[in-house]
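Beneath this line is the structure, given in structure tokens, with notes to follow.
Start at 1 and go down the list; that is how both ligands and their atoms are numbered. Nothing here was measured: the structure is a model prediction, and the numbers come from that model.
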Amino acid sequence: MDLLPAAPVTALLAAIEDTGRDGRRGGYSRPVYSAAERDLREWFTAEASRRRLSVETDANGILWAWWDLPGDGSGSESAPERRGALVTGSHLDSVPGGGAFDGPLGVASALAAVDLLQAREKDGGLTRNRALAVAVFPEEEGSRFGVACLGSRLLAGAIDPAKALSLRDADGNTFADVVRANGLDPDLMGRDDDALGRIGDFVELHVEQGRGLNTEEFTDAAGRGPAVAVGGSILGHGRWRFSITGQGNHAGTTLMTDRADPMVAAAQLIVAVRQTAAAQAGARATVGRLEPVPGGTNVIASRVDVWLDVRHPEDAVTAALVEKIHGQAQKIAAFEGCTVELTEESLSGTVHFDAALQRSLEQSVARTVPGAPVLATGAGHDAGVLAARVPTGMLFVRNPSGISHSPEEYVEDADAEAGVAALADALQDLL
Ligand code: HGY
Ligand code: MN
Ligand code: MN
């Protein structure tokens, strides 16, 4: 079998660097099932097929590219054995105006690692005892339908399919309508024990999204941190929506004393969120999205929706923070003559990765990146959702900017290649 020359991961990423560019926000906007994300799925399917992986889409819209074990040569090939396979991969959807690496780096690195492993197998340097799959999970960011890791939650049974199917995007399209328009059957969505049974271990490589690898603890004299880290845990996180209702009115004819302005309440709430989180060690709370209705310059809004993202290592503290912020919102709303309603949109507890898998990753990665640290991440990942069902682990690749969910997210070529080498070694040891 003539193998592909090992594609540098930077070349794989270069092929999609113009897909889903956002001229207004900068960076990339690749919502799930948008034209841009569909183009990325096609890119992935073509690259996987070039590597002779067999690509399938499951009932939840997850892509699986299978590198099956060689047949027994009898020609009577029964269905390939895939139970307990080794799975790697990530996501292709992005936040609005996101960076080039959050998601695609893990997918491209998995393809590049397959190149290395296929070459090692051809040279007799790799014996495989189980199948390998590269998976792509839809709606990891929850940017279109509001729930993070929607695809892996459906697979793992971590969300009621009926709730998922009723989620709506900003244009009012339901998830059910959108998946149907993309060739899926909404009635088949939900926990998939057959698919879960095919995951023996899941290893996700991802760009480091904070300053974890750039702190003095890890950087050398030149200020360079290690190229790769092993994931230790994922910070618990949730999303809530505050709907503040006031009295919509005319900006010119309504005296200041006659107003019940939800925008003013929202402004006070945002400041209260920052103060409450800053007073709680280890907490992070963000309002990154606010939608006034109707949203006219000369209109006092009738309603303002405010989305809150709260994260903390202890789930009980996250819950207490949200409760406190809810109390503040109610006081602020009453003072402004408004009412407020709180809705929880998604919630994930703090996850500690499988200890045995983490140890295996540490040993493998040490061959490429001696002294690679174990890192807790503040970002959510499909590996965090799947951890409830199968052993999962993560590798992080150095991001010198320490910035993510922004066009400034960055990975140096040498570090990206080190990530592929580390992933290939980790997968080889697990195969
Ligand atoms: O929100 C997160 O932490 C992840 O990027 N979805
Ligand atoms: Mn991500
Ligand atoms: Mn992200």
Side-chain angles (χ1 to χ4, degrees), residues 13 16 20 22 25 27-32 36-37 40 44 62 88-110 135-153 156 158-159 202-212 229 231 233-241 283-289 307-313 315 318 344-351 375-387 392-397 399 401-411 416 419:
L13 288 171
I16 57 172
D22 187 321
R25 298 181 180 98
Y28 295 90
S29 293
R30 299 158 163 173
V32 71
E37 199 242 7
L40 293 178
F44 171 75
I62 301 165
T88 186
S90 192
H91 61 96
L92 293 172
D93 66 296
S94 78
V95 293
F101 301 93
D102 177 354
L105 181 69
V107 175
S109 298
V136 176
F137 294 94
E139 189 62 329
E140 188 278 339
E141 295 294 1
S143 297
R144 182 169 179 184
F145 293 98
V147 172
C149 301
L150 187 55
S152 51
R153 283 179 199 270
I159 187 170
F202 175 63
V203 177
E204 179 171 4
L205 179 144
H206 203 282
V207 58
E208 155 59 5
Q209 293 181 281
R211 293 173 18 81
S233 63
I234 293 182
L235 196 57
H237 57 284
R239 298 180 186 189
W240 291 264
R241 185 181 74 250
R284 297 136 209 225
T286 311
V287 173
R289 184 177 159 212
W307 279 268
L308 174 67
D309 178 312
V310 178
R311 311 194 187 201
H312 190 276
D315 300 344
T318 301
E344 178 180 289
E345 290 198 336
S346 73
L347 183 61
S348 304
T350 288
V351 166
L375 212 53
T377 180
H381 300 281
D382 292 305
V385 171
L386 293 176
T392 68
M394 289 194 77
L395 299 184
F396 295 110
V397 176
N399 165 359
S401 76
I403 293 171
S404 183
H405 283 186
S406 156
E408 294 160 80
E409 178 184 273
Y410 181 57
V411 174

- Task: For Phe202, check ring pair (Phe, Tyr, Trp, His ring centres under 6.0 Å) against everything at least two apart and list the hits.
- Result: Phe137
Can you check whether [X] reaches [Y] side chain to side chain, under 4.5 Å on heavy atoms?
| X | Y | value |
| --- | --- | --- |
| Asp102 | Glu141 | yes |
| Leu105 | Ser90 | no |
| Val203 | Met394 | no |
| Ile234 | His381 | yes |

- Measure from the side-chain N and O atoms of Thr392 to the backbone N and O of Leu386, and report whether any donor-acceptor pair falls under 3.5 Å. no
- Query: Of all N/O/S atoms in Glu141, which lies nearest to the Mn ion (ligand 3)?
  - Reply: OE2
- Listing by chain and number, which residues have a heavy atom under 4.0 Å from ligand 1? Glu140, Glu141, Arg311, Ala379, Gly380, His405
- Item | Chi angles and distances behind the side chain to side chain donor-acceptor pair (under 3.5 Å) call for Ser348, Arg153 | CA-CA 10 Å; Ser348 304; Arg153 283 179 199 270; 2.7 Å; yes
- Message: To check your reading of the site, what angle at the Mn ion (ligand 2) do NE2 of His206 and NE2 of His91 form, to 10°?
- Response: 110°
- Query: For the Mn ion (ligand 2), does an N/O/S atom of Asp102 lie at less than 2.8 Å?
  - Reply: yes
